[in-house]
Amino acid sequence: MERRSAVFAVRPAFARALIAGSKRFEFRRVRPALDRGDIIFVYSTSPEKAIVGTFMCGQILEGKPLGLWNRLRNHAGTSRRHFLEYFADADVAFAIEATSPIAWSEPLSLARIRKRLPGFNPPQSYRYILETDSLGQLISAHSPL
């Protein structure tokens with residue numbers, strides 16, 4: 001099976017926590033089409049606006065938001081209040097395990113991406129990438145992997 005890759009947009013505090021390994025799960029309202037071993041590039045949103053590192057997709061858990069919180073709260077990297085606000089009107093929540101995080105010593109800035117790919121807009125949530133597309137080639141050339 002071929003590995004997939006995606007860029008996840010993550011708020012800066014959560015992006016740092018994911019890359020540092022203190023936030024072990026990234027929570028989403030929609031399940032991405034990823035499997036264990038796929039690579040996720042972490043795009044830290046404003047004000048940083050850069051891809052700051054990667055992690056490998058571990059298990060993806062699905063459940064009612066409160067059930068996932070009760071199960072994963074010690075590894076959530078967020079407060080109960082923030083978590084429940086995010087999932088306030090959701091019937092289902094997804095938790096993507098972040099394994100093998102790697103911080104990039106030189107983040108790939110949005111300005112640098114746009115220099116090579118004019119008009120590029122970062123994803124609101126996530127975006128799949130291929131090694132053969134322009135973004136995939138740019139990330140591969142910059143990535144320490």
Side-chain angles (χ1 to χ4, degrees), residues 1-65 68-69 72-73 75-145:
M1 177 171 33
E2 185 178 322
R3 289 196 194 271
R4 283 178 234 130
S5 298
V7 176
F8 276 26
V10 181
R11 291 183 181 169
F14 299 138
R16 284 190 297 276
L18 280 166
I19 297 306
S22 59
K23 178 175 171 49
R24 296 211 9 241
F25 289 89
E26 174 60 9
F27 298 97
R28 296 290 160 142
R29 296 168 61 94
V30 175
R31 187 195 194 288
L34 297 170
D35 295 311
R36 189 181 296 264
D38 290 340
I39 302 295
I40 298 168
F41 296 91
V42 179
Y43 175 81
S44 180
T45 60
S46 186
E48 193 162 15
K49 299 181 187 177
I51 296 174
V52 296
T54 62
F55 65 85
M56 195 169 290
C57 180
Q59 61 185 327
I60 299 179
L61 305 174
E62 175 181 350
K64 294 196 175 294
L68 272 184
W69 171 258
L72 303 174
R73 66 178 157 225
H75 307 290
T78 190
S79 70
R80 182 179 194 271
R81 182 177 73 68
H82 183 269
F83 180 91
L84 292 177
E85 283 175 3
Y86 179 68
F87 288 108
D89 59 350
D91 294 326
V92 66
F94 298 92
I96 297 105
E97 183 182 24
T99 65
S100 306
I102 299 172
W104 288 7
S105 58
E106 184 184 336
L108 180 57
S109 70
L110 178 58
R112 189 164 174 195
I113 293 170
R114 284 184 173 158
K115 201 172 189 179
R116 288 272 312 274
L117 305 172
F120 172 81
N121 288 312
Q124 290 296 311
S125 180
Y126 59 89
R127 173 183 172 169
Y128 301 108
I129 57 173
L130 302 171
E131 284 186 31
T132 55
D133 71 23
S134 299
L135 180 60
Q137 290 175 351
L138 178 61
I139 289 172
S140 291
H142 189 85
S143 172
L145 300 178

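We count residues from 1, following the sequence as given. Every heavy atom of this structure was used, including side-chain atoms; hydrogens, water molecules and symmetry mates were not.
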CA sep, side-chain torsions, deciding dist, call: T78, W69, side-chain contact (heavy atoms from CB on, under 4.5 Å): CA-CA 10 Å; T78 190; W69 171 258; 4.1 Å; yes
Residues forming a side chain to side chain contact (heavy atoms under 4.5 Å, CB included) with L138, sequence neighbours excluded: L108, I113, R116, L117
Residues that E62 engages under side chain to side chain contact (heavy atoms under 4.5 Å, CB included), provided they are two or more places apart: V92, F94
Tell me every residue that passes salt bridge (Lys or Arg N to Asp or Glu O under 4.0 Å) with [X], counting only those two or more places apart in sequence or in another chain.
X	result
R28	E26
R29	D89
R112	E106
R24	E97

Member of L61, L18, I40, D38 meeting the side-chain contact (heavy atoms from CB on, under 4.5 Å) criterion with I96: I40
E85, CD: over 12 other non-hydrogen atoms inside 6.0 angstrom: yes
Enclosure of R31 CZ (heavy-atom neighbours >12, cutoff 6.0 Å): yes
Spacing of [atom1] belonging to [X] relative to [atom2] belonging to [Y], to within rounding of 0.5 Å:
X	Y	atom1	atom2	result
R4	D35	CZ	CG	4.5 Å
D133	R127	CG	CZ	6.5 Å
I129	S134	CD1	OG	11.5 Å
R11	Y43	CZ	OH	14.0 Å
S22	R16	OG	CZ	10.0 Å

Parallel, tilted or perpendicular, as decided by the 30° and 60° cut-offs, for the rings of F8 and F55: perpendicular
Ring pair (Phe, Tyr, Trp, His ring centres under 6.0 Å) assessment of F83 paired with F27: CA-CA 9 Å; F83 180 91; F27 298 97; 4.9 Å; yes
For [X] versus [Y], what's the shortest heavy-atom pair and its separation?
X	Y	answer
P12	S46	CG-O, 3.6 Å
G53	W104	CA-CD1, 3.5 Å
P101	I19	CB-O, 3.4 Å
A95	F25	CB-CD2, 3.8 Å
A50	P107	CB-CB, 3.9 Å
A15	V52	CB-CG2, 4.3 Å

Side-chain (T99) to main-chain (M56) donor-acceptor, under 3.5 angstrom: yes
F41/H142 under ring pair (Phe, Tyr, Trp, His ring centres under 6.0 Å): CA gap, chis, key distance, verdict: CA-CA 12 Å; F41 296 91; H142 189 85; over 10 Å; no
Worked check of side-chain contact (heavy atoms from CB on, under 4.5 Å) between V7 and I139: CA-CA 10 Å; V7 176; I139 289 172; 3.9 Å; yes
